Chemist: 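One structure follows; several queries about it will come next.
All of these numbers come straight from a predicted model, not from anything done at the bench.
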Amino acid sequence: MKFKSLIITLFVSSIFLSTIICIWKIMATLQGLSFTNLNFNLNMLLALGLTIICILIGKKINHIFKILILSLLFTIIYKLLNESSPLWFTTGIFFLFLFFTNKLKKFDLKYLSQDFISEKIIFDFLSLFAIVFFALVILFPFYIMFVTSFKTQTALLINPLDLSIDFSKNIFEIFKSYFVIFKTYDFGRYILTSSYVSIGTVLITLLFAIPAAYAVARLNFFGKTFLSTSILIIYMFPAIVLVIPLYTVFSQLGLRNSIEGLLIVYTATTLPVAIYMLQGYFKSIPKEIEEAGLIDGQNWFGIIIKIIIPLSLPAIASVSLYVFMIAWNEFLFSLMFLDNPKTFTLSRAINHLTGDAETPRQYLMAGSVVVTLPILLIFVYFEKYLVSGLTAGSVKG
Amino acid sequence: MSTTLSKIEKKTAYTLLLPAVFLVFAIVLFPIFANIWISFKEVELKDIRIPEPRAKKIVKTISENNFELKIIYKLRNSSLIQDISKVKFSDKLPKNVKPVNLDKRCEFKSQKIKCLFGTWKAGYRENFEIFVKDINNNNINKKNLKSYKPDLSGESDNILLTTNFTLKNFKKVFFNNNFFELLMTTFYFTFFGTLGAILLGIFAAQLVNQKFYGRSFMRSILLFPYVGPVVALAYTWTLLLDPNSGTLNSLLVNFNIIDKPINLLGQKYLIINILGFELKLRLALTTVIFFEIWRYFPLAFLFILARLQAIPKDLYEAADVDGAGPFRKFFSITLPQITAILSILFMIRFIWNFNKFEDIFLLTGGASGTLTLPISVYQQGFAISNIGMGSAVSIVIVLLLITFMLIYFKLIGKKANEI
């Protein structure tokens with residue numbers, strides 16, 4: 001039993017260590033270091049050695065002392081066995097060893113003889129793997145997007161792996177892509193259009209959805225169940241099946257290339273989910289509060305304005321943020337309805353940039369950063385509200 | 001008393017609902033039905049522009065003084081395909097100015113020239129001339145004369161409103177050789193995209209449901225791919241996977257993992273040799289599916305995490321007492337607790353992935369074997385400009401969607417309300 005768990009620990013932990021060393025190496029390669037070999041096997045042996053020593057020492061000496069000494073020792077061995085590398089890279093390796101030995105804190109021969117310990121160890125390391133995996137897989141494209149916007153086309157063609165930002169240049173040179181897209185490609189206007197469209201969609205949607213949701217949640221009328229089920233069904237129909245008829249009708253009415261046309265379409269497509277989310281929340285408000293309002297002589301309008309809205313601000317915030325996100329990110333309708341650069345939204349503008357194969361990629365990425373950053377900041381800041389909106393609306397996507 | 005109250009209630013309800021319902025009907029429900037109408041017609045993109053009678057006004061001097069002037073109206077039918085009938089024309093003249101030898105089709109009344117031109121054939125053009133004269137032999141102000149804009153109107157058949165129907169579009173859709181492939185591609189994309197997103201979602205939810213340092217940070221990050229705009233993310237991926245100087249290919253070549261770059265988004269098949277068997281992998285489609293999974297697993301993750309957090313803790317404590325390991329706990333407690341939500345999630349995500357347009361459109365544009373039904377709508381309707389065909393494909397999508405929804409409501413509709 002003890003032997004089996006020992007083997008598993010050694011195996012799993014050293015795979016983990018050599019994997020993160022590989023990832024560190026890849027990230028360093030992207031900063032312009034010219035590694036051509038990942039040395040996975042060598043690192044694996046090194047990691048095996050480290051784990052064995054760690055487990056054998058166990059808790060016999062002070063923990064901090066132990067991890068410092070071991071990390072330093074193995075960093076030196078690593079440095080001797082591998083190709084030469086700058087100091088910052090080696091420091092990174094040292095911290096990786098430090099992190100790893102710290103993770104092995106509990107591990108000694110006694111710990112390894114517990115019940116189910118091998119399963120637990122595998123599970124622990126799987127979690128660690130998962131954290132590294134998800135962080136890497138998700139953040140890597142964002143990282144590429146961000147750093148590419150600071151490079152130049154020629155530098156990228158010469159060495160596509162060197163994504164380091166040259167800080168020796170002046171500010172204007174570093175942020176050149178951003179100056180260019182705002183000056184030559186008129187991105188300032190597109191930001192305004194996008195904000196106008198998104199905020200407008202939020203306001204109109206709320207204006208229409210709050211009364212409707214209130215009616216669905218509280219009032220009795222003929223066809224109520226039919227309406228509330230059809231809300232969800234309508235929501236399931238995708239934009240792509242609406243696009244041809246809307247295109248023809250909008251062309252004939254002259255609504256193409258107009259912000260108003262976009263506002264109408266965005267509002268209509270987000271209304272069902274807004275009503276659905278709001279009515280759920282309205283139902284949770286105790287009826288007695290409204291009845292008190294009725295006795296005070298309020299009409300329905302007064303009740304909605306003075307009682308329902310103040311009580312359901314969190315839900316309204318969720319809906320607003322969700323609708324804002326959908327409108328800001330929307331692409332299909334803006335592609336179909338806008339072909340005059342004067343009315344472009346940000347998404348449409350970026351798509352327009354790619355239409356010209358000559359457009360250097362750093363401009364494209366700078367544009368992408370400009371459209372992505374606001375929505376990510378809003379998301380991080382209002383995460384609580386947006387997450388509840390997303391969960392409710394996650395039937396769509 | 002109570003009947004009047006309920007009447008008032010009904011009336012209020014309808015007033016409150018009317019704007020929202022009207023808007024949704026006009027923009028969502030109407031197009032779905034309009035698709036049926038259009039799909040039975042032979043309409044092209046150029047047909048939907050309504051033909052207009054147009055006139056361009058030019059004022060010319062004909063003698064040394066400006067007592068008399070010539071006005072030329074360049075008349076034309078804006079459409080090259082359709083006729084306009086009952087074309088009416090009117091224009092105003094300044095005070096004291098009168099037309100001389102007016103055309104038979106026109107009459108002059110209270111300073112206005114009114115003409116009836118009858119029918120203009122498709123592509124019709126005419127230079128229509130009028131001579132005008134000041135009655136007091138004063139100079140005519142040219143600018144003033146020019147400032148009046150002629151007013152034209154006419155009637156034309158709107159091709160969309162005629163009642164000529166044809167089955168051509170549907171014949172083309174169904175009996176096209178590629179229809180089966182189109183359907184299969186759509187199903188591959190939908191099925192594997194959904195499955196992958198849910199599997200990854202389970203992993204992520206299981207991970208975030210544990211306690212570890214930086215857990216809330218992890219939770220925010222996991223939602224980034226979904227929150228970010230699809231345009232930006234798709235182009236970033238295109239750059240990342242680019243065969244010439246994309247980061248991924250350069251890395252793989254640099255570390256000698258592959259010999260030469262692979263065009264992940266532009267190559268239809270990848271032939272793999274396993275034990276002498278040749279396997280053909282749909283490469284571009286697989287890449288697109290991976291993007292799809294990457295972008296939409298956050299939704300599955302959110303849903304599953306919410307459910308995981310609702311599982312009573314004592315179930316796990318009991319398992320601890322029984323001496324169950326973490327894997328046993330996952331398969332015997334967690335998985336049975338989330339199967340209901342997984343089935344709902346699968347159906348909903350299936351329907352939505354089935355409709356996905358932007359992701360594939362931005363990554364490959366439907367090339368290299370990634371043509372799905374929604375992309376086909378766009379290609380038929382806008383790339384080939386055959387609106388009728390596009391609508392016919394839309395109808396196919398709607399019919400399949402309705403089938404999926406019926407299955408969904410039959411299987412798990414009732415359960416969905418409980419969760």
Chemist: Do the rings of A:F142 and B:F224 sit parallel, tilted or perpendicular, given the 30° and 60° boundaries?
Modeler: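 The arrangement is perpendicular - the two ring planes meet at more than 60°.
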Chemist: What part of A:T29 gets closer than 4.5 Å to chain B, counting heavy atoms only: side chain, backbone, both or neither?
Modeler: side chain
Chemist: Top residue by heavy-atom pair count (under 4.5 Å) with chain B, among A:L219, A:I138, A:L242, A:T372?
Modeler: A:I138
Chemist: Chain B heavy atoms under 4.5 Å from A:R218: which part of the residue, side chain, backbone, both or neither?
Modeler: backbone
Chemist: Go through the atoms of A:I131 and report whether side chain, backbone, both or neither lie under 4.5 Å from a heavy atom of chain B.
Modeler: both
Chemist: Select one option (side chain, backbone, both, neither) describing which atoms of A:M365 are under 4.5 Å from chain B's heavy atoms.
Modeler: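 It is the side chain, since no backbone atom gets that close.
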Chemist: Looking at B:G228, B:S220, B:P225, B:A306, which makes the most heavy-atom pairs under 4.5 Å with chain A?
Modeler: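 Option with the greatest count: B:S220.
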Chemist: What do you reckon, are the aromatic ring centroids of B:F301 and A:F134 less than 6.0 Å apart?
Modeler: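 Not under 6.0 Å, so no.
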Chemist: Please state whether the side chain, the backbone, both or neither of A:A209 comes within less than 4.5 Å of a heavy atom of chain B.
Modeler: neither
Chemist: Assess the residue pair A:Y247 and B:F382 against the criterion (ring-ring contact (aromatic ring centres under 6.0 Å, His included)); give the C-alpha distance rounded to whole Å, side-chain angles, the decisive distance to 0.1 Å, and a yes or no.
Modeler: CA-CA 10 Å; A:Y247 182 90; B:F382 298 93; 4.8 Å; yes
Chemist: So which heavy atom on B:I27 is nearest to which on A:A268, and how close?
Modeler: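 B:I27 and A:A268 have their closest heavy atoms at CB-CB, 3.3 Å.
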Chemist: Using non-hydrogen atoms and a 4.5 Å limit, figure out which bit of B:F361 sits close to chain A: side chain, backbone, both or neither.
Modeler: side chain
Chemist: Flag the one option from B:T247, B:D242, B:V230, B:T236 with the top tally of heavy-atom pairs under 4.5 Å to chain A.
Modeler: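 The answer is B:T236.
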Chemist: Can you tell me how far CD1 of A:I234 sits from CG of B:L29, rounded to the nearest 0.5 angstrom?
Modeler: 5.0 Å
Chemist: Using a cut-off of under 4.5 Å for heavy-atom pairs, which of B:L223, B:N256, B:V43, B:L18 has the most such pairs with chain A?
Modeler: B:L223
Chemist: What residue, out of A:L163, A:I350, A:I144, A:N220, has the most heavy-atom pairs lying under 4.5 Å from chain B?
Modeler: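 Option with the top pair count is A:N220.
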Chemist: Given heavy-atom pairs under 4.5 angstrom as the criterion, report whether the side chain, backbone, both or neither of A:S347 touches chain B.
Modeler: both
Chemist: Picking from A:P272, A:G367, A:A215, A:A274, which has the most non-hydrogen pairs under 4.5 angstrom with chain B?
Modeler: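 Of A:P272, A:G367, A:A215, A:A274, A:A215 has the most heavy-atom pairs under 4.5 Å with chain B.
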Chemist: Give a yes or no on whether a salt bridge exists between A:E119 and B:R328, defined as a side-chain N under 4.0 angstrom from a carboxylate O.
Modeler: no
Chemist: By a 4.5 Å heavy-atom criterion (distance strictly below it), what part of A:F222 contacts chain B: side chain, backbone, both, or neither?
Modeler: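 A:F222 touches chain B through backbone and side-chain heavy atoms alike.
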Chemist: Of the backbone (N, CA, C, O) and the side chain (C-beta and beyond), which part of A:V249 lies under 4.5 Å from a heavy atom of chain B, both, or neither?
Modeler: side chain
Chemist: For each of B:P31, B:P229, B:A232, tally heavy-atom pairs with chain A at distances under 4.5 Å, and name the one with the top tally.
Modeler: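 The option with the most such pairs is B:P229.
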Chemist: Would you mind checking which part of B:V208 comes under 4.5 Å of any heavy atom in chain A, side chain (CB onward), backbone (N, CA, C, O), both or neither?
Modeler: neither
Chemist: Using a 4.5 angstrom heavy-atom cutoff, name the option from A:W328, A:F221, A:F133 with the most pairs to chain B.
Modeler: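 Option with the greatest count: A:F221.
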Chemist: At a 4.5 Å cut-off on heavy atoms, which part of A:I275 comes close to chain B: side chain, backbone, both, or neither?
Modeler: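 Just the side chain, heavy atoms under 4.5 Å.
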Chemist: Below 4.5 Å, heavy-atom pairs only: which of B:L401, B:L251, B:V393 has the largest tally toward chain A?
Modeler: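 Most pairs with chain A among the choices: B:L251.
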Chemist: Under 4.5 Å from any heavy atom of chain A, what part of B:L362 do you find: side chain, backbone, both or neither?
Modeler: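 Interface part for B:L362: side chain.
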Chemist: Taking all atoms of both residues into account, what is the closest heavy-atom pair of A:I375 and B:V227, and its distance?
Modeler: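 Scanning both residues completely, I find the closest heavy atoms to be CG2-O, 3.8 Å.
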Chemist: Ignoring hydrogens and angles, tell me if any N or O in the side chain of B:N254 forms a donor-acceptor pair with the backbone of A:F35 under 3.5 Å.
Modeler: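 Yes, B:N254 side chain to A:F35 backbone: donor-acceptor pair under 3.5 Å.
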Chemist: Compare every heavy atom of B:S250 with every heavy atom of A:L161, then report the nearest pair and how far apart it is.
Modeler: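 Minimum heavy-atom separation between A:L161 and B:S250: CD2-CB, 3.6 Å.
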Chemist: Checking heavy atoms, do the side chain of B:L207, its backbone, both or neither come under 4.5 Å from chain A?
Modeler: side chain
Chemist: Under 4.5 Å heavy-atom distance to chain B, tell me which part of A:V371 shows up: side chain, backbone, both or neither.
Modeler: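 Backbone plus side chain of A:V371, per the 4.5 Å heavy-atom cut-off to chain B.
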Chemist: Give a yes or no on whether the backbone of A:V241 and the side-chain of B:N35 come within a donor-acceptor separation of less than 3.5 Å.
Modeler: yes
Chemist: Among A:Q252, A:E383, A:M336, who wins on heavy-atom pairs under 4.5 Å with chain B?
Modeler: A:Q252
Chemist: Under a 4.5 Å heavy-atom cut-off, does chain A meet the side chain of B:I387, its backbone, both or neither?
Modeler: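 Both the backbone and the side chain of B:I387 come within 4.5 Å of chain A.
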Chemist: Can you say whether A:L126 sits under 4.5 Å from chain B via the side chain, the backbone, both, or neither, judging by heavy atoms?
Modeler: side chain
Chemist: For B:W294 versus A:V137, what's the shortest heavy-atom pair and its separation?
Modeler: NE1-O, 3.0 Å
Chemist: Given a strict heavy-atom distance threshold of 4.5 Å, which part of A:L346 is in contact with chain B: side chain, backbone, both, or neither?
Modeler: neither
